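Fair warning: this is a prediction, and the values are worked out from it, not measured in the lab.
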Amino acid sequence: MQPLSIRSVRNQFLGTGGGIMRIIPLFVADIADARIRGMLGSLLPVCLNFGTVLAFILGSFVSFGTFPLVVLALPALFTLATLFLPETPACLLRAYRNVRAERSLMFYRGVRGHFEKPGSFRDEFQQLKDTVEREKTAPDAGLTWKDFVTKPARRGLAMAVFLMLLNQCSGTLALITYASSIFELASPPTTTTEPLLPASLASIVLATVQLLGTVISLALIDRIGRKILLIVSCLGMAIGYLTLAGYVQLLLPSSTAPASPIHFLPICSLSFSILLASIGLLTVPFIVMAEVLPSKIRNFGSTISVTIVAFSAFVLLKAFPILLDTVGLPGTMGGLAGVCLLGATVVIIFLPETRGKSLFQDDQETGPNAANGSATAT
């Protein structure tokens, strides 16, 4: 049993990590210019995946007991860095600190002095002030259950929850976690040679591919839009999963040559799937979540969405080895492909394109219009 002090520190940092996953997308949405909001929002999964790669590499050099002590330096650096960041302008306006709110917006827009404020900055700050003022003076300013049953709220919350479920149920986290087991199941049964990819390197390779995909997403998300990336990501993952399932079901039983080039198909198909997942499905939902939720329920809705991510990740990681034992690798990959195809269908039909959308727009106006725009586009 672990000492009480170690367990307490571990639990504190687990709770802090969950809070960061919830707060950072909202913080970025509050401070980012609409033109680069997607790119800045993509930095969260880029950093998460970089941390995953770093953890796999570091874990191969240090012991399990030493590893947590080494990585304690990272949250300490994060805490020190955030001390120098001003609060978001919207939060300061809600606290009646207008002067500090303007200085905060100047900081995040790179305006050095009051005499350098361009007209676009003044318009943006005035729009933000008007929006916050309407929130505070509205007769129904307090959050009630009625706010969750409006058409924009129901549509936005349903889409946010669905994307978060799709983010985990598409299986990427489980594939990286159980990469060694997957490659063993996809290896020729009669071979006596060393595997093409050693088990110790399998997770590192896939995590590196995942990091590469999130960097690509960072460059594309504000250029081609959220919806396109999600559709391409879902369809690409389904192709990779079905390729691996077809190889194990149809080609592997008849393959006898241990050095056949076709044995590279598992690592290639998995890498392709994870690359496509990182470009869209692992990054975009965290950005779209803040954009589709009406401002009044955005904080509560994001809490629900991030909780669903954590819960679905836990369930999937527990269920994945059971699925491998019961329906086998082809059946598991086929099921994940079906989830991805379902996700692509829902995104095509129901998700509006949110690239460039102002978070200060009136929610009653953007809800129906966004839905109609989505239907017209599809």
(request) With sequence neighbours excluded, give me every side-chain hydrogen bond (donor to acceptor under 3.5 Å, both in side chains) pair touching residues 264-283. (result) S217-T283
(request) Check the angle between the aromatic planes of F148 and W145 and answer parallel, tilted or perpendicular using the 30° and 60° thresholds. (result) tilted
(request) Could you tell me which residues satisfy salt bridge (charged side-chain N to carboxylate O under 4.0 Å, His left out) with R35, sequence neighbours excluded, listed by chain and number? (result) D33
(request) Check for a donor-acceptor pair, side chain of R37 on one end and backbone N or O of A32 on the other, with a separation under 3.5 Å. (result) no
(request) For residues T307 and M164, determine if any side-chain heavy atom of one lies less than 4.5 Å from a side-chain heavy atom of the other. (result) no
(request) Applying salt bridge (charged side-chain N to carboxylate O under 4.0 Å, His left out), name anything that partners R109, two or more places apart in sequence or on another chain. (result) E124
(request) Quick one: list whatever passes salt bridge (charged side-chain N to carboxylate O under 4.0 Å, His left out) with R94, sequence neighbours left out. (result) E135
(message) Is a donor from one side chain sitting under 3.5 angstrom from an acceptor on the other, for S305 and S302?
(response) no
(message) Looking at every non-hydrogen atom in both residues, tell me the closest pair between Q168 and L173 and how far apart they are.
(response) OE1-CD2, 3.6 Å
(request) Write out all pairs satisfying side-chain hydrogen bond (donor to acceptor under 3.5 Å, both in side chains) with one or both partners inside residues 72-90, taking only residues at least two apart or from two chains. (result) none
(message) If the condition is salt bridge (charged side-chain N to carboxylate O under 4.0 Å, His left out), which residues does D130 pass it with, not counting sequence neighbours?
(response) none
(message) Check this for me, if you would: do R226 and E291 make a salt bridge, where the nitrogen-to-carboxylate-oxygen distance has to be below 4.0 angstrom?
(response) yes
